[in-house]
Amino acid sequence: MVCWLPSDSDWDHHYNVTGDETWKAENMHKIFAKIEKNNYAEAGSPGHGFDGYFQTNMGAMAQARGGALQGNKVMEAYAKEFGVDDWDMTDLLTRDPNEMVADRDQISSIFGLVNHQYANGQRYSSRDYVKAAVDAGDPITVSLTSLATKVLFDTSGDCGDKPRAVGVEYLEGKSLYAGDSRRVAGDAGTKKTVKAKREVIVSGGAFNSPQLLLLSGIGAKEHLEEFDIPVVVDLPGVGQHLMDNQEMPIIGTGSAGSGTTGVAMFKTNFPAYDERDMFLMGGPGAPLPYGVSMVKGSSVNNKGWVKLRSADPQDTPEINFNHYAEGSDADIQAMADTPDENGSCGQDDIDWIHKQTFGHHPTSSNKIGADDDPMAVLDSKFRVRGVAGLRVVDASAFARIPGIFPSAPTFMISQKASDEMIAEIEAGEAIEVCEAALPE
Ligand SMILES: Cc1cc2nc3c(=O)[nH]c(=O)nc-3n(C[C@H](O)[C@H](O)[C@H](O)COP(=O)(O)OP(=O)(O)OC[C@H]3O[C@@H](n4cnc5c(N)ncnc54)[C@H](O)[C@@H]3O)c2cc1C
């Protein structure tokens with residue numbers, strides 16, 4: 001799992017649209033330093049943390065020291081292009097992309113590939129964090145066989161003017177979701193509910209969090225009515241504004257095993273901000289020929305969507321990234337990055353890029369946004385607008401796609417949300433427990 005931090009503009013966008021200073025890049029840097037357990041940089045390297053839980057390591061180090069690979073010849077050509085060919089190749093292949101140097105978002109160069117990894121190279125994931133909490137005896141219940149189907153609301157008015165989230169309905173059973181290839185048709189599990197004393201936090205990811213909100217009656221009224229789902233709040237942004245990093249593979253004719261784990265990052269002629277925006281990852285090596293994956297950073301297209309295909313919570317939602325939709329010319333121009341005399345790339349290139357593009361970094365389908373933005377699903381504290389006691393904390397919350405790789409930023413916003421919720425409780429500002437609203 002590649003760990004590459006967003007640019008300052010990506011974070012500042014969240015501040016710019018909400019006015020919430022805690023989203024400024026300078027604060028987000030502090031959160032990363034707090035959670036990171038860096039296993040590769042020198043102690044004290046700017047922007048890094050060495051005492052946290054989020055393990056990072058640089059996979060390129062062993063290879064860079066291991067001598068010349070054919071793929072490194074490609075890297076040498078990049079180095080020339082970026083004007084860093086006076087660097088030693090080993091230094092380039094171990095250059096730290098996440099060091100917070102002043103002009104970081106402007107540097108076109110080769111870098112080492114930083115991953116979510118322990119010092120021994122083992123992969124780190126949120127599973128490790130959750131398991132550590134369980135092992136430590138923290139008051140947390142983890143169920144690997146539950147499918148959340150609906151957030152339950154109290155609408156009696158006993159807990160304030162807004163509908164109040166008071167629990168979750170779920171199905172218990174193995175592989176109940178249609179997206180699970182092990183699902184046994186017709187198995188509907190056992191319906192259960194769990195009460196929430198204070199708040200419900202949804203973290204189902206950029207596809208399933210909007211699906212769950214929609215199933216719970218939070219979304220565009222007309223869409224909910226199509227499926228006879230009672231409307232709790234008419235919130236048209238739910239499932240809209242889906243963003244993604246467009247990705248495209250280029251397979252070369254190098255010999256098997258020619259890969260390198262170094263990466264290149266540069267500014268195309270069409271960046272969303274005046275910052276580097278294209279990531280090239282060489283590899284994978286044996287047994288395939290040399291290939292490069294291009295990933296478009298800080299993309300502008302926000303016309304993707306997630307919609308219900310039925311009111312059945314075991315069903316998958318309809319998903320459309322809608323890559324290169326109207327208004328996102330900069331994305332496809334950056335992918336081609338060969339402007340003709342009119343400043344655009346040729347139609348053949350565009351058609352080819354359309355066909356080749358795929359993506360797997362979905363974000364922003366329950367976006368944080370301004371109070372006067374009718375498409376904003378969340379406020380700057382992750383609270384679902386129009387209801388009380390409900391937050392969404394996952395990649396669907398980003399106001400815009402966070403750079404090139406969303407996973408580390410998702411860890412960061414999770415930390416941000418939990419710090420803020422604890423601070424609210426300590427300051428006596430958390431939402432009150434509403435006994436009257438608790439279901440039987
Ligand atoms: C193949 C692939 C490779 C990737 N590589 C990288 C990479 O190298 N670097 C990077 O930064 N990002 C990468 N990403 C993106 C990254 O994985 C996501 O951005 C990140 O996981 C988003 O975190 P999340 O918490 O929002 O959602 P998720 O990680 O998807 O977590 C959501 C969780 O909720 C559970 N869930 C959903 N609905 C329900 C429900 N109704 N009931 C119960 N549980 C539910 C899901 O099972 C899942 O465990 C990759 C993604 C893919 C698919």
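In each ligand, atom 1 is the first atom listed, and ligand 1 is the first ligand listed. Residue numbers run from 1 in the order of the sequence given.
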(message) Looking at ligand 1, would T410 count as a contact under a 4.0 Å heavy-atom criterion?
(response) yes
(message) Looking at atom 37 (C) of ligand 1, tell me if a protein heavy atom falls under 4.0 Å from it.
(response) yes
(request) Please indicate whether any nitrogen or oxygen in V2 is less than 3.5 Å from any nitrogen or oxygen in ligand 1. (result) yes
(message) Only heavy atoms of L147, strictly under 4.0 Å: list the atoms of ligand 1 that pass.
(response) 40 (C), 41 (N), 42 (N)
(message) Checking a contact table here: which protein heavy atom is nearest atom 11 (O) of ligand 1, and how many Å away?
(response) S407 N, 2.8 Å
(request) Hey, could you give me each pair passing salt bridge (charged side-chain N to carboxylate O under 4.0 Å, His left out) that has a residue in residues 402-412? Not counting sequence neighbours. (result) none
(request) Check P362 against ligand 1 and report side chain, backbone, both or neither, counting heavy atoms closer than 4.0 Å. (result) neither
(request) Would you mind running through ligand 1 and noting each atom that sits below 4.0 Å from a heavy atom of S203? (result) 32 (C), 33 (C), 34 (O)
(request) Report the nearest protein non-hydrogen atom to atom 45 (C) of ligand 1: residue, atom name, distance rounded to 0.1 Å. (result) G204 CA, 4.8 Å
(message) Students should be able to answer this: which protein heavy-atom is nearest to atom 30 (O) of ligand 1, and at what distance?
(response) G205 CA, 4.4 Å
(request) Could I get the full list of ring pair (Phe, Tyr, Trp, His ring centres under 6.0 Å) partners for F266, not counting sequence neighbours? (result) F82
(message) Nearest 0.5 Å, please: how far is NE2 in H29 from CG in N98?
(response) 10.0 Å
